[in-house]
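So the structure is just underneath, and the comments pick up after that.
The figures here come from the full heavy-atom set of this structure, side chains too, leaving out hydrogens, waters and symmetry mates.
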Amino acid sequence: MNLIMTVIFIAVALSTILAIVSFWLPLITPDQEKLSPYECGFDPIGSARLPFSMRFFLVAILFLLFDLEIALLLPLPWGDQLPNPTITFFWAALVLVLLTLGLIYEWLQGGLEWAE
């Protein structure tokens, strides 16, 4: 019981110290840029009806797609404990090949170039 109380005390003390330091350590010098909301590279003060760049939207969608790929492949290390792990690795490889072919297609079409 003494060990559990010691671990809890250390965890609470460390958390408290880190929380206090995180409030006092940074230099708080607010300016106009820090006080304005950040809206994905758009001007937050202007009109909301302005057209946005289609390239920005495409790159954001591609980022979400490849982020989802990581989430799909996350349980892969546990696939080797199945009775037949080759099926799991086959489907994972198929997903990777499909996403790689899609990335190559986007690259060849010029969809990944930010500036024209």
Side-chain angles (χ1 to χ4, degrees):
M1 187 66 175
N2 193 13
L3 179 64
I4 294 174
M5 292 303 293
T6 305
V7 170
I8 290 174
F9 175 73
I10 291 173
V12 169
L14 187 61
S15 300
T16 305
I17 290 170
L18 289 176
I20 291 171
V21 168
S22 70
F23 283 113
W24 284 343
L25 188 61
L27 297 173
I28 301 174
T29 54
D31 59 354
Q32 188 62 27
E33 292 294 321
K34 287 183 181 178
L35 293 177
S36 67
Y38 180 71
E39 295 292 335
C40 300
F42 302 116
D43 184 21
I45 308 298
S47 173
R49 303 280 184 215
L50 294 176
F52 60 91
S53 172
M54 202 59 169
R55 289 203 186 273
F56 177 81
F57 182 71
L58 180 65
V59 170
I61 293 296
L62 286 174
F63 173 76
L64 288 175
L65 178 72
F66 285 102
D67 199 33
L68 180 65
E69 169 212 356
I70 298 299
L72 287 174
L73 295 177
L74 209 59
L76 188 61
W78 288 279
D80 64 346
Q81 297 176 4
L82 294 173
N84 192 2
T86 55
I87 296 173
T88 305
F89 294 132
F90 169 75
W91 286 111
L94 188 68
V95 167
L96 285 175
V97 166
L98 183 65
L99 287 172
T100 304
L101 290 175
L103 180 65
I104 291 170
Y105 175 75
E106 285 294 326
W107 192 347
L108 293 177
Q109 294 295 320
L112 299 177
E113 295 177 12
W114 187 257
E116 294 182 24

task = State, to 0.1 Å, how close P85 and G79 come at their nearest heavy-atom pair, and which atoms those are.
result = CB-O, 3.2 Å
inquiry  = Restricting to non-hydrogen atoms, name the atom on S22 and the atom on A19 that form the minimum distance, rounded to 0.1 Å.
reply    = OG-O, 2.8 Å
Report the distance from atom [atom1] of [X] to atom [atom2] of [Y], rounding to the nearest 0.5 Å.
| X | Y | atom1 | atom2 | answer |
| --- | --- | --- | --- | --- |
| E106 | L65 | CD | CG | 9.5 Å |
| F66 | T100 | CZ | OG1 | 7.0 Å |
| L72 | L96 | CG | CG | 10.0 Å |
| F89 | L82 | CZ | CG | 8.5 Å |

message = Under the side chain to side chain contact (heavy atoms under 4.5 Å, CB included) test against E69, which residue among L74, L64, L99 passes?
response = L99
Transitive ILVMFWY side-chain link [X] to [Y], under 4.5 Å:
| X | Y | value |
| --- | --- | --- |
| V12 | I4 | yes |
| I87 | F90 | yes |
| W91 | L98 | no |

